[in-house]
Amino acid sequence: MPADAMLRLEILPASRLAQVEQSSVLGGACFSHPACAPHAADQPFLAVDMPLSPGGAAICEVWHSHEPLESGQHGPIHYRLGDTLLFGCLSLDDHAVGAPRDARTPLQGAAETAYQAIFELLDARGYHALLRVWNYFPAINRESHAMERYRQFNIGRQDAFLSHSRSIVDKAPAACALGTAGGGLQIAFLATRADVISVENPRQLSAYHYPSQYGPRSPTFSRAALVRLGGRDMVFISGTASIVGHQTLHHDDVRAQTRECLQNIAAILAEANRQAPEAGFRLETLAYKVYIRQAEDMETVRSEMAHAIGDALSAIFLQADVCRADLLVEIEASGGHALGHD
Ligand code: 3EB
């Protein structure tokens, strides 16, 4: 792998984190149950409480860049940035935010606070484009304050976009939102000074146009984000589920849901290739992250993916609640960046 890549994703067991080339680290996340403490104080790392494929050791995703990097902190955000890319992350207690008479629920308040801090940081450092956001918080499908927590999150997130005059439709970042086993609201993000193109899926209604049956505010994300960095086209495909139009398909059938996810990803990738004709993105060369609601479905999902994509599949499998109670699996992916070690 080129050591000089503008952006490289390294996936490794947490036990090997200390051996990672430090100077090029932008930041990352470690997934384990319980959460394991991130290694370096100076680097933005999320410790996410999310169980792995049965018996799996704690796993880390580390984003690298060859750009000269510096670290910083803005409110709750720890970040590292170069000339072109910024990686940041934050953890907020979703109980402590909000005054007693605040009309917002605590999670809604935490989401709004988090995204406001992100936009303040991006404005201050001149990073106009939020490229990719990972949203993690516990009990995502649980009802509190007469509303499912995912829907509360959507209100706070959208309010922050609106109050920072960021479009909630045509320039939304690629994203995912998953339930963790514990902790507060945890968000990691990649932002860039380069131009980003948002990609939608012709098979799916844009999430920002979902009807109100899925909550009072629609989710603010695009199906994928395309960007050209260091002369290479890169794609970030959002968490993708068994949804066609705006409806969940294949209730209680994890195999069929997995196939539908892959069809959606193929459709998004075709759109990305249409908008970046020289990119030549292929399903076989993407890096996948797979969230599965029920640990016992892991093998079914894995074999369905290997069947569709091939044995060279690069994927990590995590057990997480997906943001609609009827979804059993959600798959995200990225491509075009370097992948692996130096
Ligand atoms: C969906 O398509 C499934 O709220 O940021 C996927 C990706 C989903 C991102 C988010 C939610 C989000 O609606 C759920």
Side-chain angles (χ1 to χ4, degrees), residues 48 89 94 107-108 110-112 114-115 118 130-141 147-161 166-169 171-180 185-190 198-225 235-251 254 257-269 271 288-293 318 320-334:
V48 182
C89 66
D94 67 27
L107 177 61
Q108 177 191 343
E112 190 174 346
Y115 275 83
I118 292 170
L130 189 53
L131 180 60
R132 186 28 167 130
V133 190
W134 292 265
N135 301 289
Y136 300 119
F137 54 93
I140 191 167
N141 301 128
M147 195 187 292
E148 186 190 33
R149 278 165 54 86
Y150 175 57
R151 299 175 180 208
Q152 300 174 27
F153 167 81
N154 275 320
I155 301 174
R157 172 169 60 177
Q158 194 186 85
D159 276 340
F161 274 79
R166 296 225 168 208
S167 170
I168 55 166
V169 288
K171 283 220 172 346
C176 59
L178 283 306
T180 55
L185 172 63
Q186 296 177 297
I187 297 178
F189 59 97
L190 269 171
S198 298
V199 178
E200 291 300 309
N201 178 358
R203 303 179 82 236
Q204 296 183 300
L205 185 66
S206 294
Y208 44 74
H209 288 145
Y210 280 169
S212 59
Q213 74 196 79
Y214 303 103
R217 301 287 190 83
S218 31
T220 307
F221 70 95
S222 301
R223 297 302 178 184
V235 67
F236 294 86
I237 299 181
S238 292
T240 302
S242 178
I243 295 172
V244 174
H246 58 76
Q247 267 154 345
T248 300
L249 296 192
H250 318 298
H251 289 80
V254 74
Q257 285 203 11
T258 305
R259 287 193 192 127
E260 204 66 55
C261 292
L262 295 174
Q263 280 203 53
N264 277 328
I265 289 176
I268 294 165
L269 207 60
E271 271 303 294
Y288 293 89
K289 194 145 127 230
V290 186
Y291 304 96
I292 300 170
R293 184 181 292 278
L318 301 166
D321 289 340
V322 185
C323 66
R324 285 185 191 180
D326 51 16
L327 291 173
L328 300 172
V329 55
E330 181 174 302
I331 305 175
E332 64 185 46
S334 59

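Order of appearance sets the numbers: ligands from 1, and atoms from 1 within every ligand.
Contact annotation: Glu332 has no heavy atom less than 4.0 Å from any atom of ligand 1. Between Arg324 and ligand 1 there is no heavy-atom distance shorter than 4.0 Å. Residue Cys176 places a heavy atom under 4.0 Å from ligand 1.
Looking from atom 5 (O) of ligand 1 to the surrounding protein, the closest heavy atom is Arg157 NH1, 2.8 Å. Of all protein heavy atoms, the one lying nearest to atom 4 (O) of ligand 1 is Tyr150 OH, 2.5 Å. For atom 7 (C) of ligand 1, the closest heavy atom belonging to the protein is Gly239 O, 3.2 Å. Considering only non-hydrogen protein atoms, atom 14 (C) of ligand 1 sits nearest to Cys323 SG, 3.0 Å. Looking only at protein heavy atoms, the nearest one to atom 12 (C) of ligand 1 is Phe221 CE2, 3.2 Å. Residue, atom and distance of the protein heavy atom nearest to atom 2 (O) of ligand 1 are Arg223 NH1, 2.8 Å.
The pair Glu260-Arg203 meets the salt-bridge criterion, since a charged nitrogen lies less than 4.0 angstrom from a carboxylate oxygen.
A donor-acceptor contact under 3.5 angstrom links the side chains of Asn135 and Tyr115, judged on distance only. Defined by atom type and a distance below 3.5 Å, a donor-acceptor pair is missing between the side-chain atoms of Asn154 and Arg151.
A cation-pi arrangement, defined by a distance under 6.0 Å to the six-membered ring centre and an angle within 45 degrees of its axis, is absent between Arg157 and Phe137.
Neither the backbone nor the side chain of His246 has any atom closer than 4.0 Å to an atom of ligand 1 (non-hydrogen atoms only).
At a 3.5 angstrom cut-off on N or O pairs, Tyr210 counts as close to ligand 1.
Against a heavy-atom cut-off of under 4.0 Å, Ala175 is close to the following atoms of ligand 1: 5 (O), 7 (C), 9 (C). Heavy-atom contacts of Ile243 reach the following atoms of ligand 1: 1 (C), 2 (O), 3 (C), 13 (O) (cutoff under 4.0 Å).
Proximity of a side-chain donor or acceptor of Asn264 to a complementary backbone N or O of Ala241 within less than 3.5 Å is detected. A donor-acceptor distance shorter than 3.5 angstrom exists from the side chain of Gln257 to the backbone of His250, with no hydrogens or angles considered.
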I'd like to know whether Ile168 forms a side chain to side chain contact (heavy atoms under 4.5 Å, CB included) with Tyr208, so could you lay out the CA-CA distance, the side-chain angles of the two residues, the decisive distance to 0.1 Å, and finally the verdict. CA-CA 7 Å; Ile168 55 166; Tyr208 44 74; 5.7 Å; no

Verify side chain to side chain contact (heavy atoms under 4.5 Å, CB included) between Ser218 and His209, making sure each step is shown before the conclusion. CA-CA 6 Å; Ser218 31; His209 288 145; over 6 Å; no

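Between the CG atom of Leu178 and the CD atom of Glu332 there is a distance of 7.0 Å, given to the nearest 0.5 Å.
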